[in-house]
Amino acid sequence: MYYQPDIETMPVEQLRELQLARMQKTMGHAFDNVEFYRNSLKEAGVLPGDLKSLDDLADFPFVVKQNMRDAYPFGLFAVPQKDVARIHASSGTTGQATVVGHTAADLKNWGDCFARGIYMVGGNANSTIQVSYGYGLFSGGLGAHAGGEAVGCTVIPISSGNTKRQIQMMMDLGTDILACTPSYALLIADTAIEMGYDPATELKISAGIFGAEPASESMRDDIRAKLGIQYCDVYGLSEVMGPGVAMECAEGNGLHVAEDQFYAEIVNPDTLRPVPDGTYGELVFTTLARTCCPLVRYRTRDVTRIVPGTCGCGRTHRKIDRIVGRTDDMLIIRGVNVFPSQIEQVIVEFPEIAAQYQIVLTSKGPLDRVELKIETVPDFPFDEIRKLEDLKRRLAGELKSNLQISVDIKLVEPKTIERSEGKAKRIIDLREGGRA
Ligand code: DLL
C-alpha cells in the first residue's frame, strides 16, 4: 500500500524527467528571487539556463550551513513575507542559529512526504500516532504531526518528556505508531519494563518512526525486540525540510528519498565530485519543489551512500543507506580518523554490553585520551572482577585492532548513562579546542 502510488512507483525515466523539469524551475526561482544565488552562480560562471541535464548540476556551486548563518534571518527566502506560513530554526549550539521558512504549499508537501512513511509501516486513517518528538522550532514534532494529519490518523501531539505519562497514554489510547528519537524510544521501552509491563505484548504499538540522530544496528535491534515493532528510520534536516526527506520501507536496507521533492547526490568530501552509486560520501540535496527556501546543492555533512539496485517494495525512488557519520563528526584521535559508527561496529560483536555508550575525549599532555564509557547488559555479573577485567581486555583489544587507537574502557552498570528525551549526546569532547 502506498500513500501516493503514482508518485512513489513512478517509472524511473519519468521520475528523472520530472526531477529535471522541477530542478530547472527551482534554479530559476532561486536565481530570480535570492541575491545569494545570483552572486554564487555568477562567481561559478554558470546560469540557470546551463542546467540541461541532471548531470549538469555537478557544475553548480554548493550551499553550506555558514551561508545560511550569514544570510540570517531572511537572506535565503525567495518569497515575500506574506507568503511565509511558518518558520523553523535549528538549535545552533555553536554560532548563529539558522532559520528556515515554509509556504503553505511547502508545508503540504512536507506532510505528504512524512505520510508516505506512515504507509511504509502499514499505517492508515485507522492508526493512532503518538508524536513524541519535541514540538516547537525543532522540526520533529510538527513534521511528524503533519504526516499523521495528512494520512488522517488520530494524532497525539504529546511532544517529548514525561515518560511515564507517555506509556500511560500509549496504553489508554491504543497507540499504533510511535514517532520519536531512537534514544527516546529505548528510554520509553525501558521505563515501561520498569513499570512492570512487557511493552512487546502489552502495548498495541506495531511500528515506530525513529530518526533525528544515528542509531547503531544493535540499538535498533534492541528497540525492535523490546517494543515488538517494525522499525522505520526517518531522515531529515531542518534546512532541507524536516523529517521525511527519506524514510525506510518494510524491506529495510535503506531509506527511500522523496525523489519528486529532493535530488540527492553523494560527493567525495575531498574532491566534492559526485561518486558512483554504492560509494560512501557526503550527501548533498537540491530541493525540487520548495518555494520559500529553495536550496541548490546543500551540503548536509551526513555520510551515506546510494543503495544500488531496485527495492522489493515497488517504490522506484532511490534509497540512501542509514547515516554512518558526519564529515564534521569525524574524530581525529592522535591523527587517526575515526567515525563513532566504527566504534559501534565493534561494540555490537559483544553480547555482554548494551547499546548505551559515550565516548569521552580528553587531553593527556599533548596526547588525546579516549575513554569509552559503556553499559553492561542487565544479566552480566557486574561484581565479578575477573569477568569484568576479561571483558575490558577483549573489548580494548578489538577496538585497537579495528581502529588502530588505544581506548580506555570504563564498564558501567545498566542504566547509569544519562538517557535522552531528544537527541542523545554520545561524544563528549573535552580536549583543548574540542567541541565540548
Ligand atoms: O533532526 C529533523 C528530523 C526530526 C529528522 C525528526 C528525523 C526525525 P535537524 O535538527 O536539522 O533536523 O538535524 C539534522 O540530524 O543532518 C543528521 O545529521 C541527523 N539526522 C536526522 N535524521 C537522522 C537519521 C532533524 N535518521 C541532522 N539518522 C542531520 C541519522 C539523522 N542521523
Side-chain angles (χ1 to χ4, degrees), residues 63-65 68-69 87-94 97-100 102 110-111 113-118 120-121 129-148 157 159-160 177-185 208-217 219-220 223 231-249 252 254-258 262 264 269 280 282-285 293 295 298-305 319-330 339-341 344 420-427:
V63 177
V64 294
K65 184 136 181 147
M68 303 191 93
R69 291 200 183 109
I87 298 224
H88 280 279
S90 75
S91 46
T93 40
T94 51
T98 53
V99 297
V100 179
H102 305 260
W110 185 1
C113 285
F114 196 95
R116 294 175 196 170
I118 294 179
M120 289 178 194
V121 297
I129 179 169
Q130 182 157 332
V131 181
S132 311
Y133 287 112
Y135 277 65
L137 288 175
F138 174 58
S139 58
L142 283 161
H145 187 106
S159 195
S160 60
I177 301 169
L178 175 66
C180 62
T181 60
S183 33
Y184 198 40
I209 303 182
F210 303 133
E213 64 178 1
S216 65
E217 256 333 301
M219 185 165 173
R220 290 162 57 115
I223 294 169
Y231 188 117
C232 166
D233 187 354
V234 53
Y235 170 81
L237 58 170
S238 42
E239 290 83 356
V240 170
M241 179 176 82
V245 171
M247 299 183 78
E248 184 181 20
C249 68
L255 295 77
H256 290 281
V257 174
F262 308 104
Y280 282 93
E282 183 177 325
L283 181 59
V284 171
F285 278 114
C293 293
L295 277 180
Y298 180 67
R299 287 184 59 184
T300 64
R301 300 276 178 190
D302 292 318
V303 178
T304 182
R305 62 180 189 127
K319 300 209 290 195
I320 51 168
D321 217 333
R322 77 180 176 85
I323 306 296
V324 296
R326 288 178 57 82
T327 51
D328 53 3
D329 220 34
M330 190 180 72
F339 280 105
S341 61
E344 283 165 16
S420 163
E421 293 170 354
K423 301 192 192 214
K425 190 154 175 51
R426 302 235 181 261
I427 314 275

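We count ligands from 1, going down the list as the structure has it; atoms in each ligand are counted the same way.
In this structure, H102 and H88 have perpendicular ring planes: the angle between them is above 60°, well past the 30° mark.
Contacts with ligand 1 closer than 4.0 Å are made by side-chain heavy atoms of R326 only, the backbone lying farther away. Only the side chain of K423 comes within contact range of ligand 1, with a heavy atom under 4.0 Å; no backbone atom does. Using a 4.0 Å cut-off between heavy atoms, S139 contacts ligand 1 through its side chain alone, with no backbone atom that close. Using a 4.0 Å cut-off between heavy atoms, D233 contacts ligand 1 through its side chain alone, with no backbone atom that close.
Below 3.5 Å of separation, one finds no N or O of G242 facing any N or O of ligand 1. Checked by distance only, ligand 1 and T300 stay at 3.5 Å or farther apart across all their nitrogen or oxygen atoms. At under 3.5 Å, a nitrogen or oxygen of A212, whether backbone or side chain, sits near a nitrogen or oxygen of ligand 1.
When atom types are taken as modelled, the side chain of R322 and the backbone of A215 share a donor-acceptor pair closer than 3.5 angstrom. Between the side chain of E282 and the backbone N or O of P269 there is no donor-acceptor pair closer than 3.5 Å. Side chain of Y133 to main chain of G211: a donor-acceptor pair is present (N/O by atom type, distance under 3.5 Å, no hydrogens or angles). The closest donor-acceptor contact from the side chain of S139 to the backbone of L237 lies at 3.5 Å or more, if one exists at all.
Within ligand 1, the atoms closer than 4.0 Å to a non-hydrogen atom of Y133 are 6 (C), 8 (C), numbered from 1 in the order shown. Set against the non-hydrogen atoms of I323, the atoms of ligand 1 under 4.0 Å away are 28 (N), 30 (C).
No side-chain heavy atom of R220 sits less than 4.5 Å from a side-chain heavy atom of F210. Using a 4.5 Å heavy-atom threshold, the side chains of K425 and S420 count as separate.
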